[in-house]
Number of protein chains: 2
Amino acid sequence: MRYEKGHKDTTRQHIIDVAARRFRQDGVAAAGLAGIMTDAGLTNGAFYTHFKSKDDLVCETLMNSLDTIRERILAAGQGDGAIREYLSVKHRDRPDTGCPTPALVAEIARLPKKTRTAYTERVNGLIDLIASRFRNGSDEERRRRAMALYGLMIGTVQLARAVNDKKLSDQILEGGLELALAVADRSSSIPMPPPED
Amino acid sequence: MRYEKGHKDTTRQHIIDVAARRFRQDGVAAAGLAGIMTDAGLTNGAFYTHFKSKDDLVCETLMNSLDTIRERILAAGQGDGAIREYLSVKHRDRPDTGCPTPALVAEIARLPKKTRTAYTERVNGLIDLIASRFRNGSDEERRRRAMALYGLMIGTVQLARAVNDKKLSDQILEGGLELALAVADRSSSIPMPPPED
DNA sequence: TGTACATCAGTGAACGCGCGTTCACTGATGTAC
DNA sequence: TGTACATCAGTGAACGCGCGTTCACTGATGTAC
């Protein structure tokens, strides 16, 4: 073959990497295949050698990004490092390399069933991972806290990104971080109104 | 004139109402003007009698929706009614009539400066309104808590909408609601790690 | 009272453009004999 | 060793389509005289 072994896989992964950046930066609907392929250093037509459709690419790309986020949370270890990273100025200012959820969650809700199912599975995994970091409470209670924490983090990042005022944006990150750390703090008891376990 | 007085204003508001629903349902990028005008019972061309451009409509529409949300929070009164409404199954299942932030916040971050500035102003107002409902803490601390609460609520609603599993979606709403109520509870002291009040 | 003209919200066809997708083709390499 | 053919990642022009936007026109009413 005129390309070394594994070349096609490399190219495919390269397209996914480029697309992952563009989708998070511009949104799935606004990011065109032509632009992605040009960025990847290829022409239009080569796209369909690697993917069945744009929806197919979106799905692959999402899974890839979510796996990266999972790895980063794992790499951050047991402390509050992952939370501080998630609610950092850096993450706010680089949606293209960050968690796909704040950038794309509203669009994901409108995507085909297959993609939503795959997304749901990964998010469920993330929730489990976050829950496993909590020390207090039953499994169920910790999972509920993990959902609230993830919701808080994605909403905070989005709000900080949408707002046009640097000072306000920084304050939003700080406010979200304060609460997130309180939720995550294993030694403190977060007051949860229906105290069930 | 061949139309009664105020007819044009009525039509304009009707287009805004229809557009507000479509934008929240399908996203700004995916909702076309032709569809909106057809829904409004008019033809393509009439659009530019009322608005300068799609961006102009988006801005007007956003402001209109945010004003409605503010009124609903005011109408819900001092208790936790507004929070329960925001994190309800009803709000999750009807993005088209709900708060525009969960539906559009990622797109808002990519909109023209004028729109983002107007959005920022309204969100700032919402934060002040939420903060004014808290009893404990300094103005600044209450505003930070209000930002965290709004971030939590929008993130929770989005996650509940994106996920493809009804049971998980309900649990996400419950988890978010628990934490939101804890944050809002005026009598409890939410542990905020740097306790500056 | 009757006629000519101005007004203007709305019509509907058309504009150029970029979208996702298709497809005949290229050309460097590997394989067969 | 040399020639004929197969492979296949990538090329680049073209497809129909819906987008946001423009514009000459309509027609019901109000105004002028």
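A note on names: the letters A, B, ... follow the listed sequences, proteins ahead of strands, and every chain is numbered from 1. Just so it is clear, the structure is predicted and the values come from calculations on it, not from any experiment.
When rounded to the nearest whole Å, the span between NZ of B:K52 and P of D:dT22 equals 11 Å. Here the P atom of nucleotide D:dA9 and the CE atom of A:M37 are 13 Å apart, to the nearest Å. As a whole-Å value, the separation of B:F51 CZ from D:dT22 P is 15 Å. Following rounding to the nearest Å, B:L33 (CG) and C:dC17 (C1') show an atom-to-atom distance of 15 Å. One can place NZ of B:K54 at 15 Å from P of D:dG18, the figure rounded to the nearest angstrom. One can place CG of A:D56 at 10 Å from P of C:dT21, the figure rounded to the nearest angstrom. Rounded to whole Å, the distance from CD1 on B:I15 to C1' on C:dT11 is 14 Å.
With respect to A:D9 and A:R12, no salt bridge is recorded, no charged nitrogen being found less than 4.0 Å from a carboxylate O. With respect to the salt-bridge test (charged N to carboxylate O, under 4.0 angstrom), the residues B:K167 and B:D170 do not qualify.
A 3.5 Å limit on both hydrogen-bonding distances identifies C:dA6 as the Watson-Crick or G-U partner of D:dT29. Pairing for D:dG18 is with C:dC17, a Watson-Crick or G-U wobble pair whose two hydrogen-bonding atom distances lie under 3.5 Å. Pair check for D:dT1 finds none; no Watson-Crick or G-U wobble contact set falls under 3.5 Å.
Picking from D:dT21, C:dC19, D:dT11 the nucleotide with the shortest atom distance to the side chain of A:A34 gives C:dC19. Side-chain proximity of A:L42 to the nucleotides C:dT21, C:dG10, D:dG10 is greatest for D:dG10. Considering only the side chain of B:T49, C:dA9 comes nearest among C:dA9, C:dG20, C:dG12. Residue A:S53 has its side chain nearest to C:dT21 when only C:dT21, D:dG10, C:dA9 are considered.
In this structure, the side chains of A:L159 and B:T101 come closer than 4.5 Å at one or more pairs of heavy atoms. Using a 4.5 Å heavy-atom threshold, the side chains of B:V89 and B:R92 count as touching. Contact of the A:T117 side chain with the A:K113 side chain is registered, since non-hydrogen atoms from C-beta on lie closer than 4.5 Å.
The residue A:F47 sits apart from the nucleic acid: no heavy atom pair falls under 4.0 Å.
With DNA chain C read from its 5' end, the first of the two nearest nucleotides for B:N44 and B:H7 is the one closest to B:H7.
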